[in-house]
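As a basis for the values below, the full set of heavy atoms in this structure was taken, side chains included, without hydrogen atoms, waters or symmetry mates. Every number for a ligand or one of its atoms is a count from 1 in the order of the listing. Bear in mind the structure is a predicted one, so any value in this text is a computation, not a measurement.
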Amino acid sequence: MKNIIEIKNMSYRYPVSDDFCLKNITFSIQKGAFTAIVGNNGAGKTTLCNAIRGFVPHFYKGELAGEVIVDGKQIVDYQLGQLGEKIGYVFQNPFSQISGVKDSVFNEVAYGLENLGVPVDEIIQKVEDVLKLVNIEHLRGKNPFELSGGQRQRVALAAIIVMDPDILVIDEPTSQLDPIGTEDIFDVIRLMKERGKTVLLVEHKMDLIAEYADNILVLHEGALVMQGPVREVFSDPKYATFNIQYPHVTEVALNLIDIGVPLKFIPIRNEELPKALKMEWEENND
Ligand SMILES: Nc1ncnc2c1ncn2[C@@H]1O[C@H](COP(=O)(O)OP(=O)(O)OP(=O)(O)O)[C@@H](O)[C@H]1O
Ligand SMILES: [Mg+2]
């Protein structure tokens with residue numbers, strides 16, 4: 001499979017800052033993969049997203065070392081607009097994403113396509129489809145500024161999906177949502193993966209990462225300290241040293257192991273716990 005994103009020995013320092021907030025980062029992402037970026041507050045997750053979409057250094061300036069390659073081309077050789085077509089970016093703060101020039105959710109979601117000069121019939125069809133997909137049809141006539149944080153997060157995601165970019169970079173899309181709203185968003189992201197999109201997602205909800213994501217990148221104080229398939233990373237004792245959350249069931253399993261309960265393997269999804277326990281129990285009681 002082709003690497004759609006390649007980062008090589010990348011370091012970055014914001015202009016006002018003395019220290020590098022991303023330090024010698026190297027990884028690559030295959031086309032169509034769903035990668036979660038995790039790490040504590042200030043670890044550099046949002047900055048890394050901004051490096052991938054070219055805002056670092058095109059917009060934020062500062063000092064960038066190493067290479068960021070998207071779809072075979074160095075990021076510094078792209079125009080920002082060109083990258084914008086390739087990479088859809090959903091902001092961490094849903095209040096940053098609303099354009100401020102549209103008076104209804106429908107028009108807000110249509111805005112990007114309008115700017116591209118897409119024919120009106122086509123715009124209407126695409127927006128209708130996306131409103132349904134993201135479950136916000138009932139909000140179509142609302143002013144974007146009257147929405148709750150969670151509703152804005154859905155509108156922000158819809159406004160990006162409607163543009164049909166190859167790569168989705170999504171920074172904490174569920175921070176303002178309840179568990180059901182969160183599952184809805186993950187369902188949409190899964191659908192995007194099924195449609196062949198490459199997804200990078202910053203998220204703190206590890207249960208959902210364990211369920212949906214293929215790979216994890218762990219950032220710690222600006223360094224990429226772990227990377228690999230979700231199961232490998234969560235099962236690796238090294239993960240515990242960074243004080244980042246685990247999936248709930250993994251936390252329970254590690255506590256059981258600590259008090260001497262042997263487990264066959266370390267579960268990362270709820271439904272795996274009985275199996276991890278039972279197999280061991282059955283063997284001991286044969
Ligand atoms: N525009 C900026 N100018 C200077 N320093 C910045 C800027 N934005 C972020 N930083 C600093 O860079 C470091 C990484 O910040 P970043 O926002 O990328 O972390 P994060 O992992 O996304 O954190 P969070 O979980 O809080 O969203 C932090 O030390 C932060 O203070
Ligand atoms: Mg952030």
Check your understanding: Any N/O/S atom, backbone or side chain, of T46 lying under 2.8 Å from the Mg ion (ligand 2)?
Key -> yes
Check your understanding: With a 4.5 Å heavy-atom cut-off, do K197 and F34 have their side chains touching?
Key -> no
Practice item. Examine the side chains of T47 and N50 and answer whether a donor and an acceptor come within less than 3.5 Å of each other. Key: no
Practice item. Can you sort out which atoms of ligand 1 are near C21, meaning under 4.0 Å from one of its heavy atoms? Key: 12 (O), 13 (C)
Check your understanding: Does atom 17 (O) of ligand 1 have a protein heavy-atom neighbour under 4.0 Å away?
Key -> yes
Review point. Is atom 30 (C) of ligand 1 close to the protein, meaning a heavy atom under 4.0 Å from it?
Key: no
Practice item. Would you mind listing which atoms of ligand 1 come within a distance below 4.0 Å of any non-hydrogen atom of T47? Key: 14 (C), 15 (O), 16 (P), 18 (O)
**Study point:** Cation-pi geometry met for R53 and Y60 (6.0 Å, 45°)
**Key:** no
Review point. Can an N or O of S17 be found at a distance shorter than 3.5 Å from an N or O of ligand 1?
Key: no
Practice item. Could you tell me whether K2 and D71 have a side-chain N and a carboxylate O separated by less than 4.0 Å? Key: yes
Check your understanding: If we only count N/O pairs under 3.5 Å, is Q92 in contact with ligand 1?
Key -> yes
Point to revise | ligand 1 versus N40: contacting region, heavy-atom distance under 4.0 Å | key: backbone
Exercise for review: May I ask you to check if any N/O/S atom from Q92 comes under 2.8 Å of the Mg ion (ligand 2)?
Suggested key: yes
Check your understanding: Sub-3.5 Å donor-acceptor pair from the side chain of K45 to the main-chain atoms of N40, do we have one?
Key -> yes
Point to revise | Y12 ring center within less than 6.0 Å of F20 ring center | key: no
Point to revise | ligand 1 N/O within reach of G44 N/O, cut-off under 3.5 Å | key: yes
Exercise for review: With heavy atoms of T46 as the reference, note each atom of ligand 1 found under 4.0 Å away.
Suggested key: 17 (O), 18 (O), 20 (P), 22 (O), 27 (O)
